[in-house]
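Let me begin by presenting the structure, written as structure tokens, before commenting on it.
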Amino acid sequence: MLSSLRFHNASIIIQCLGGFWSVGLASKISDILYTNLLTLSFSLIHSYSSSLLNTTRITNDYKQYALEMPEQSEKLKILVTHPATPQAAIDLLSRDYEVIFCQSVPPIRSEILEKCNGMHAVLWATHLPLDKGILDAIGPQLKVVSTRSGGTDFVDVEEFKRRKILLGHTPSVQNDAVANMAVGLLLAAARRFHEGRLKIETNNWETYTLNWLLGQDLRDSVVGFYGFGGIAQTIAKRLSGFDIDSVLYTTRSRVSEEIEKQYNAKKVDFDTMLAQSDFVIIASPLTKETAGVFNATAFGKMKKTAVLVNIARGGVVNQQDLYEALKTKQIFAAGLDVMTPEPLPPNDPLLSLPNVVLMPHIGSATKRTRDDIAVLAAKNILHGLTGKPMPAPVY
Ligand SMILES: O=CC(=O)O
């Protein structure tokens, strides 16, 4: 609207200049005055059109929400629970809403409880429990919450449904980054990166011993997935470049034939997947059904040469049983980006094992991915507040 007014004004100036010229007054204006007017008009047109271009570029993505904003006497309020939320998301949210930040890093429940009352939306940028207590503290005006995560195991989803509060999350945008982390962990565990480093640190370099630090091959291997959604499929795509033999997967429902064909994948029951896979990758949500399923019994069914990778949630694994399985060489090695608890205490027994590679839950931690996640969360909120379907609803 503003832009078109500017265009309109610019065209009036052009017409006036044209009018002056045609009635012959121009000849009465000195050359200097004419040149100045011409320069002024060109610079006006230039500044109007570049501001139009800038406005178009900046608001391009946002226009769709802004056009249908209801008239508000007071701005609606959005709580962002982490002060370092990427600016691209904050820019989107703060155009038409008041954005309030929590300042604690890491976020703490007491500060969230203190600041959340009266909010209309929340960008939940933490894995702290998002439960009835928080919803009560926010109040009944709350319309929409978006997490900044694919998983929603820390959210009381049933309570959201019961209160008819919109809930968004951020799946898919982290597929690439998390899949890269999975491949990194798989190779590091299979080729004994951590153990190798320990040998150097302790002055135990024994390359002359021919069978020293031998690892597992990916070539011709069978890769088993527990969960076969977007992240798992992105991992499978990458692993196909390592000349694996085939993929087995265990999920509730079968993926399409097309996807099975693409990854040479076959749905099998849990026990078959465990028994036949050289690599087992956990890529499932944490739910009541998946909690602790990787326990002593499961490890007992895996190959002794098998490598376990977990980029999903620590809770899918019984960690005490995993520790025993790794220590007793029931399985060969593990690469974990997630564990229980997080943060893992520095004296946790897992850290004493040479055959486990640990990362501090940073699967999605690249600048671009974190920006994409925050922007998707912001879009969920903007859509929710303006009554449009969210790009990534939980239900
Ligand atoms: O853990 C990260 C996520 O759920 O996106």
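Counting starts at 1 for both ligands and their atoms, in listed order.
Interface atoms of ligand 1 facing Gly151, defined by a heavy-atom separation under 4.0 Å, are 3 (C), 4 (O). Of all atoms in ligand 1, numbered sequentially from 1 with element shown, those under 4.0 Å from a heavy atom of Gln174 are 3 (C), 5 (O).
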### Task
Take Lys267 and Glu260 through the salt bridge (Lys or Arg N to Asp or Glu O under 4.0 Å) test and state the conclusion after the steps.
CA-CA 8 Å; Lys267 182 172 175 340; Glu260 287 191 346; over 6 Å; no
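The salt bridge (Lys or Arg N to Asp or Glu O under 4.0 Å) check on Arg313 picks up Asp153, with sequence neighbours excluded.
Using a 4.0 Å heavy-atom cutoff, His127 is listed among the residues neighbouring ligand 1. Ligand 1 is approached by His361 to a heavy-atom distance shorter than 4.0 Å.
No more than 12 heavy atoms of other residues, nucleotides or ligands sit less than 6.0 Å from atom CD of Glu258.
From the protein, the heavy atom lying nearest to atom 3 (C) of ligand 1 is Gly150 N, 3.3 Å.
Within the structure, side-chain hydrogen bond (donor to acceptor under 3.5 Å, both in side chains) pairs that include any residue of residues 214-226 do not occur (at least two apart or interchain).
Under a 3.5 Å cut-off, the side chain of Gln233 and the backbone N or O of Gly230 do not form any donor-acceptor pair.
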